Amino acid sequence: MTISRIDCANRLPMTDTTPALDQPYDPAKVEPRWYAFWEKNGVFASTDAASDARPVYVVPMPPPNVTGSLHMGHAQRCTLEDALVRWHRMRGFNALWQPGTDHAGIATQLVVERLLAREGVTRHDMGREAFVARVWQWRRETGDRILLQQRILGASPDWSRAKFTMDPDLSRAVTEAFVRLYEQGLMYRATRLINWCPECRTSLSDLEVENEEGANGELFEFAYEVEGDAGPSAPREIVVATTRPETMLGDTAVAVHPDDPRYKALHGKCVRHPFVERSFPIITDAVLVDPKFGTGAVKVTPAHDFNDFATGKRHDLEEINILNLDGTLNANAGSFAGMDRKEARRAVKRALEERGLARGSKPHTLTLPRCQRSGGVVEPMISTQWFLKMGSMAERALDAVHSGKTEIIPAEWVKTYDHFLESIQDWCVSRQLWWGHQIPAWHGPDGKVVVARERPKDLGPEWTQDPDVLDTWFSSALWPFSTLGWPERTPALAKFYPASDLETGYDILFFWVARMMMMGLHFMGEVPFRRVLLSGLIVDETGEKMGKLRGNVIDPLDLVHGASFVDVVKKTLPGAPEAEALAKFKKAYPSAAAMGGGFPAFGADAVRFTLASYPPSNKRIALAPKRIEGNRHFLNKIWNATRLSLDLLGEHAWRDPIAPKGFYNQWIRSRFAATCAAVHAGMDAFRVDEATQAAYRFFWNDFCDWYLELVKPILRKQADGTFFRPDQVPETQDTLAYVLEGSLRLMHPLMPFLTEELWQRVPKPASRKASIAFGPYPTPDSETAAHDPSVEAQMELLQAVISAARTVRSEHNVDKKADVPMRVRSSSPETVAFLRGHHEAIRLLVKTAGEPSFEASSGARERGTTLSVVPAAAGSVEVLVGLKGLVTKDEEVARIDRELKKIDKELAAMDKKLSAPGFVDRAPREVVVESRQQRQALVDARERLVAARKVAEEL
RNA sequence: GGGCGGGUAGCUCAGCGGUAGAGCGCUGGCCUUACAAGCCGGAUGUCGCAGGUUCAAACCCUGUCCCGCCCA
């Protein structure tokens, strides 16, 4: 076919490697070829040169963990950020999408420890230095995998600026930040009750503790014997209830409510601990004790419970730590020392029973604090750690959002952000890990501490560096400026700080976004970014969170390249029986289950377009594979429409278009202009979903369904080799080429591969650069002159007339091949004239026998015709289709009745509205006028239908 | 206990003050020389429930019931 001839035209820079435009569209043949091309042409490059006068657009990419393999969340980040970055780049911005990876302290250490465990080695066997060396080796081998995976999705960050949080320059920034914070009195060391994960053997910040609600437990009751004699009527014992019996080894008080009459006699008395040589007081505390809960008496363990800790401070109680760092009990636990905490719980209960102090137990649901990384139960524990004061930093971060210096989109999140910062506690930043930024503090004799950028030379050998490292999120919080060279005053820092947009999932609003706000304001004196764009979390099709245990994880690359479900579940549920894993997976994705044995290769563009099509207000995004399939069909549509267009354009050489005179050309240009405006509005407001929808509808429903169909007869030569309407050919070719090329550019940020592939082949101005990615982008301004609502309104009428005739054909099951006579009438001479002007389109799209006729309305009608009405205020249009011998009287009456029913329903609604008291007086005038026009159109249409029904027997 | 979302067609979701929408699914007819991953048609909703504001409410307000998430 003609396509191959066009392939040989000199439009294509890569003729030797580019396959023909085979049908159907195969992303596997197209996508792999373009990434290297973009890199070679420097598409992704930004410049920090002060002399560059372009406006700047900066997006810091949330650095994925080096442990990470690409998951749907990453794919979503990639898609949205890449769309925004490409969009700006095409519009002439100096765009920096800052890539990199995060060292992910705990996560990485756990991964490498697990590897070592297979070799039968622990990190303690190796020692710190060797272990850290091993982690570095691991990171060199696998840490960049995720960056390679992002390329498959078409991500376009400036790779030349890629950073890793443990790079020397970023590590230096971390040290500098720590030292300055210390010098400013914001970073301090303190002994406090903190969250301790015995499995990771490190402290955690409040945010790293996840509370598991509804855990099954029991409320265990036991008695403490009261010491001394409180009088004959006073109780000899006091019964307390607890969900953690083993912590009684650290009890230093029993609390009751001051007003509780049951315990009045015991105020000030002491109880004896049954297992350790200790007695402690019965105190009164209205804050801690709810007299209605349990027995109304509460055991107090200041060293292992946050509420009890506060109570201890109020009453000056002793804090007795009973735990070792690995979760076993220490010497304070007396005879229970050395036991694991779980074992100790059983042992304590048994011992209490033996002493006759147990008072029974009942089932109880509780909230269990769990470590975000290991899943282990977190123990509150007294420990000396480094803390960062949050108060004043949090205030500035709050102000920045309230004053509009940083905008959070969607705005619903502002309240959540506020609440977090308003109630924030100081941040425990030290971690007892080996992998991370070691704290730049040195400990000397007598508890002396020195904090410095480097080990001070005058410190003796007895001074040792603090073994702890910093929370991973500490270095992440510096990301928007540490990646640009801070603390040096680099050109990049001057050019690219603050960033424009920070896009991420809402799940790290506290972990990352709020902390970057605080650190950015503190160190740079300016917000780190102008907008925070938050998107929802991707969950499975039934709304469940994706997780290994659930067996519903989808690897985005499996969607891109295709994969059998068997292979998919091998990854999601390794080791599980295949049938069971498959069943779980298919239950999680009902629409995928209908696809047969696996995912077809949807291609990166289809996955991206789908991810971009969910609105950010959606907190949970239920990933429906069917939807990806639908979008792949859309890409195929673009592919084929381009093939057709190239065929219709032949050897057409680009001419800059002038304002078209032909109606269809005016119409498609107007629709294109409206679409550019809608896409721009969507992209600008972080409603990428609206941009995708506008592009989809335009390209498919306007450009393909109508414009290409209307233009075919004009641009296709007839059998005798001549054009049917030679005078219309040049302008139509120009317009087709213009809209096609513009559409590809318009959609490029959303589907970079396909648009590049096709754009390389379509006619375009000589001024265009090597890649579509260089733009320019079709903007509302560049298209606005073509926008013409009156043309669009006329086109809608024409479309309605054609559709009416098609409906009649279809409803009466007229053979597709049969030509039918058609007659169009209206009481409006203008309408008749307009429609007559489009007789050619009507003839072709309805497939009429001979030319349709156009005339003023009259009551008479030929035998054998069926009548349908298109309501219009200026005078409804009657569409008469000759169906002699093709339809019975009954069928026609039934069809007219259906039409009447519809119109009656609309008319009733309109009458109700118009006759409602106050409507005419109080509604805006244009609404009243419009409603009256609509009603008139309906009444008119109805009259014609009623008349038509009367003569239906003529059939 | 506090906060934030959500409940619209069988499914996944738009719409957020002027006559209910899309994709998928369902269904009738078409292998019409771009596309069957398609084309031309069709059916399908008391917009969670109850009040209120308004000339007008899926949309605003109040209450209420479910579902989800976050914080304590």
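Letters A, B, ... are given to chains in the order of the sequence lines, protein chains preceding strands, and every chain is numbered from 1. Keep in mind that this is a model prediction, so the values were computed, not measured.
Across all strands shown, A:Lys712 has heavy atoms under 4.0 Å from base atoms, whether or not it also approaches the sugar-phosphate. Counting any heavy atom pair closer than 4.0 Å across all strands shown, A:Glu709 reaches a base atom. Here A:Arg697 lies in heavy-atom contact (under 4.0 Å) with sugar-phosphate atoms only. Counting any heavy atom pair closer than 4.0 Å across all strands shown, A:Pro615 reaches sugar-phosphate atoms only and no base atom. Using a 4.0 Å heavy-atom criterion, one finds that A:Ala923 contacts the bases of the nucleic acid, with or without backbone contacts as well.
Rounded to whole Å, the separation between the C1' atoms of B:C47 and B:G15 comes to 10 Å. The separation of B:C39 from B:C24, taken at their P atoms, amounts to 9 Å, rounded to a whole angstrom. The separation of B:A22 from B:U8, taken at their C1' atoms, amounts to 13 Å, rounded to a whole angstrom. Rounded to whole Å, the P atom of B:U44 lies 24 Å from the corresponding atom of B:G7. Using P as the reference atom, B:C60 and B:G2 are 23 Å apart when rounded to the nearest Å. Between the P atoms of B:G48 and B:A34, the separation comes to 45 Å (whole Å). Across B:A9 and B:C70, the matching C1' atoms stand 32 Å from one another, rounded to whole Å. Look at the C1' atom in both B:G1 and B:G18: the space between them is 42 Å, to the nearest Å.
The interatomic distance linking A:Phe699 (CZ) with B:C35 (P) rounds to 15 Å, in whole Å. In this structure, A:Arg627 places its CZ atom 7 Å from C1' of B:U12, rounding to the nearest Å. Rounded to an integer number of Å, the gap from A:Glu422 CD to B:G2 C1' is 13 Å. Between A:Lys913 atom NZ and B:G17 atom P the separation is 15 Å, expressed in whole Å. When the P atom of B:A22 is taken as reference, atom CG of A:Asn701 falls 9 Å away, rounded to whole Å. Straight-line distance from the NZ atom of A:Lys415 to the P atom of B:G3: 8 Å, rounded to whole Å. In this structure, A:Lys626 places its NZ atom 13 Å from C1' of B:U12, rounding to the nearest Å. As rounded to whole Å, 14 Å separates atom C1' of B:C11 from atom CG of A:Asp540.
With B:G15, B:G18, B:G23 as the candidates, the nucleotide lying closest to the side chain of A:Arg687 is B:G15. Listed candidates were B:U12, B:G18, B:G5. Nearest to the side chain of A:Glu412 is B:G5. Looking at the side chain of A:Ala622, the nearest of the listed nucleotides B:G18, B:G21, B:C13 is B:C13.
Using modelled atom types and a 3.5 Å distance limit, the side chains of A:Glu412 and A:Ser617 yield no donor-acceptor pair. For the residue pair A:Glu212 / A:Thr367, no side-chain donor-acceptor distance below 3.5 Å is found, with atom types taken as modelled. Residues A:Thr610 and A:Asn631 bring a donor and an acceptor atom of their side chains to less than 3.5 Å of each other. Using a 3.5 Å distance cut-off with no hydrogens or angles, the side chains of A:Thr866 and A:Arg895 do pair a donor with an acceptor. For the residue pair A:Ser205 and A:Glu208, a side-chain donor N or O sits within less than 3.5 Å of a side-chain acceptor on the partner.
The phosphate of B:A14 has OP1 or OP2 within less than 4.0 Å of a side-chain N or O from A:Asn618. For the pair A:Arg643 and B:A34, the criterion of a side-chain N or O lying under 4.0 Å from OP1 or OP2 is not met.
Looking at residues two or more places apart in sequence or on another chain, you find no side chain to side chain donor-acceptor pair (under 3.5 Å) involving A:Glu796.
Between A:Phe602 and A:His561, the gap from one ring centroid to the other reaches at least 6.0 Å.
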Per-nucleotide protein contact string for nucleotides 36-45 of chain B (B base, S sugar-phosphate only, - none; heavy atom under 4.0 Å): -BSSSSS---
Contact state string [nucleotides 65-72 of chain B, B base, S sugar-phosphate only, - no protein heavy atom under 4.0 Å]: ---SSSBB
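Counting only distance, with no hydrogens or angles, the side chain of A:Asp305 and the backbone of A:Asp308 share a donor-acceptor pair below 3.5 Å.
With both pairing distances under 3.5 Å, B:G41 is matched to B:U27 as a Watson-Crick or G-U wobble pair.
The only option from A:Met390, A:Met518, A:Met517 that meets the side chain to side chain contact (heavy atoms under 4.5 Å, CB included) definition with A:Leu421 turns out to be A:Met518. A ring pair (Phe, Tyr, Trp, His ring centres under 6.0 Å) with A:Phe609 holds for exactly one of A:Phe753, A:Phe699, A:Phe634; it is A:Phe634.
No side-chain heavy atom of A:Val879 sits under 4.5 Å from any side-chain heavy atom of A:Val808.
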